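One structure is given below, encoded as structure tokens.
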Amino acid sequence: MKVERRIISVIVQNEHSVLARITGLFAARGYNIEALTVAPIPDTDMSRLTIETRGNVRVIEQIIKQLHKLIPTFKVIEHEEMIEKEMVMMKFPINESLSNIQALCEAYNGGIANVSSQHIITMVADEPKRVRHFIEAAQRFHPVEIVRGGVVAMERE
Amino acid sequence: MEMTGAQMVIEAMKLEGVDTVFGYPGGAIMNVYDELYKQSDFRHILTRHEQAAVHAAEGYARATGKVGVAFVTSGPGFTNAVTGLATAYMDSIPLVVISGQVPITLIGTDAFQEIDATGISRSCTKHNYLVRSAKELPLILKEAFYIASSGRPGPVHVDIPKDVTAELAEFDYPTHVDIPTYRPTTKGNVRQIKKAAEAICSAKRPVFYLGGGIIHSGSADLVREFVSATQIPAVETLMARGTLRHDDPLLLGMVGMHGTYQANMAMSEADLMIALGPRFDDRVTGKLSEFAKHAKIIHVDIDPSSIGKLVDVDYPIVGDLKEVLEVMIPKVKEQVDPDRYQPWREILKRYNEIHPLRYEDSDKVIKPQWVIERVGALLGEDAVISTDVGQHQMWTAQFYPFSFPRQFITSGGLGTMGFGFPAAMGVKRARPDKISINFTGDGSILMNIQELVTAVESRLPVINIILNNHYLGMVRQWQTFFYDKRYAETDLSFQPDFVRLAEACGGIGYRVETKEEFDEALKDAVDKGVVAMIDVIVDRDENVLPMVPSGGTLYNMMLEFKD
């Protein structure tokens, strides 16, 4: 069966060890989490997790059913038509071209976040595929550190 | 009303109608035990090991359908209880296990008898709680009982730090709970039910595949009605034994690895499988790609994640089996023609004539199957039968004449050796009107033998029947079949004297080497109504047959073993 990439959002009640429950479910069943983003939903007692995972149809179906089965799970959203964004921060040596780096960042929906005596720090937020392209393109400026955030997604409708 | 956390635990037990708690005290749960000492509303049974406490609570729950309860302390008390939790989790048994924890102020400091109990129990419970304050306790306890017993039942673990059991708070016990994130689907989709009913009526070779969900949902009567109205043959999983009476002509017997020839052939040749509450365990299906190749599948289950997990299902119905059957049966009755399946029934009857479930009896040595049949003939419906795990368990499932649901208490999913004896104590407590028999092996019984003391002290007269072949029998059988008889560490020739062991603990022991001696021993144990060990020396080399080798196909069973 074909392995596909899926983005799943899970809305859960903010309670003790709820994140461990979710990651434990993946670990116990041998499913893989490629990226995970978690934050509370404003003005509620819920949190939203966005999970990037891979698997064949049967595996993805099981993952979704198992997520539903957890007691604190309020809702599981299987994204189809979504806007998807990921953030990456990169650190470059100060001797690289500031203007070239800035131009590259702007092309990828980002910019320079900080410049110190030693380093330039950039931040880009874009579609995951474009974030990958940005990281590839930025290699020529000899990055010393790369930090990727997880994916966040929202259905269009 | 204000009370301490410990008082709340005791009050909650009373309000939940708990009549028995199994457990073992220790430092972190002492406040609860101190309150327990002051009450006489329910009984506490002191086991001699926490694992046994949980298994006994399971036996109680399995025999009644009510929630079983166990108390254990922190650290080793809790880790000892984990096997019980996992056993209950695999078989969907409603349990509430309450453990003590070190005080909140010490959590995370590697304090004496501290362990991350909820971290450990997370993967083997339906849900768990670490209680942070006495204020939370009433709602958590109410939720624990509700979650354990609703939807697909399962064990719930509540971990309570010692300072929380001492803390004062208002006790306002909820009358009902509403967990917005937990709403099990109980009503099946009517359109799907209708389609399934039509499929049943137009099938030529349908078979009922009866699973443990029938027992849990209390729908055995409906299933009996369904089978009788349609005259469709039925197979039972290990967990569903007792759904149909043993003498029901439509019962093909147990299915799967040690199922009957006709049951396995029915699954292999059916054109429609009506799966009521099973979970398509690998011990039933054998090789998945060959399982029920010709059949459309109807699967009714309250747990959506059970449906389509291993095999593709044509008619998935999520819902409480009882509610689904109440809608489905009238729809099928309207249009079903039981004569339609007559040729199919004839084929299966023929299969049974060719390869019936059988064993060769002997005059020289006692056959284990004979013992089980004999107990069935002598006690029948008067006994509730527990087992440990191994050959004796499969022989019991094959040869005991089960007549009602919850008559057979066994660890199916986890296959827990040491389960049978404590579970049988729980059964005796739950069903004092019945004789509690535990069929066990010489390997299994030693795993919780200390419960002889509990059973005697607590006046829970369980009759343990050891089918003693001086082997770890099931592993030995696999070594015989698949490992060229290299009996690595399965020879149990060195044994304790089970008779004296029973006597040392205050029970009665019998050593049996002939059929006559067995009859006398069983009669004596039943008449005396005491804790008994009947050590039956059986044929060392008997195998459980038929057998589908692990990963094999149901239609290609080993029917005999020849050297």
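In this text the structure is predicted, and so the values were computed from the model without any measurement. Chain letters run A, B, ... following the sequence lines, proteins first, then strands; residues in each count from 1.
Looking at heavy atoms from C-beta onward, B:T79 lies in side-chain contact with B:I120 at the 4.5 angstrom threshold. At least one side-chain heavy atom of A:H16 sits under 4.5 Å from a side-chain heavy atom of B:R132.
Contacts between A:T73 and chain B at a heavy-atom distance below 4.5 Å involve the backbone alone (N, CA, C, O). For chain A, the nearby part of B:R152 is the side chain; its heavy atoms alone come within less than 4.5 Å. Looking at B:D303, only its side chain comes within 4.5 Å of chain A, counting heavy atoms on both sides. Within the 4.5 angstrom heavy-atom criterion, only side-chain atoms of A:R58, from C-beta onward, approach chain B. Of the atoms belonging to B:L310, it is backbone heavy atoms, and not side-chain ones, that fall under 4.5 Å from chain A.
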CA sep, side-chain torsions, deciding dist, call: B:Y209, B:H299, ring-ring contact (aromatic ring centres under 6.0 Å, His included) = CA-CA 9 Å; B:Y209 168 21; B:H299 187 186; 7.7 Å; no
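Chosen from A:P72, A:G24, A:A28, the residue pairing most often with chain B at heavy-atom distances under 4.5 Å is A:P72. Between chain A and the options B:T118, B:L130, B:I179, the largest number of non-hydrogen pairs under 4.5 Å is found for B:L130. Contact count versus chain B (heavy atoms, under 4.5 Å) is highest, among A:K69, A:R21, A:Q66, A:Q13, for A:R21.
The distance between the ring centers of B:F78 and B:H157 falls below 6.0 angstrom.
Using a cutoff of 4.0 Å between basic side-chain nitrogens and carboxylate oxygens, B:E16 and B:K142 are scored as salt-bridged. At a threshold of 4.0 Å, the pair B:R279-B:D281 counts as salt-bridged, since one of the basic side-chain nitrogens sits closer than that to a carboxylate oxygen.
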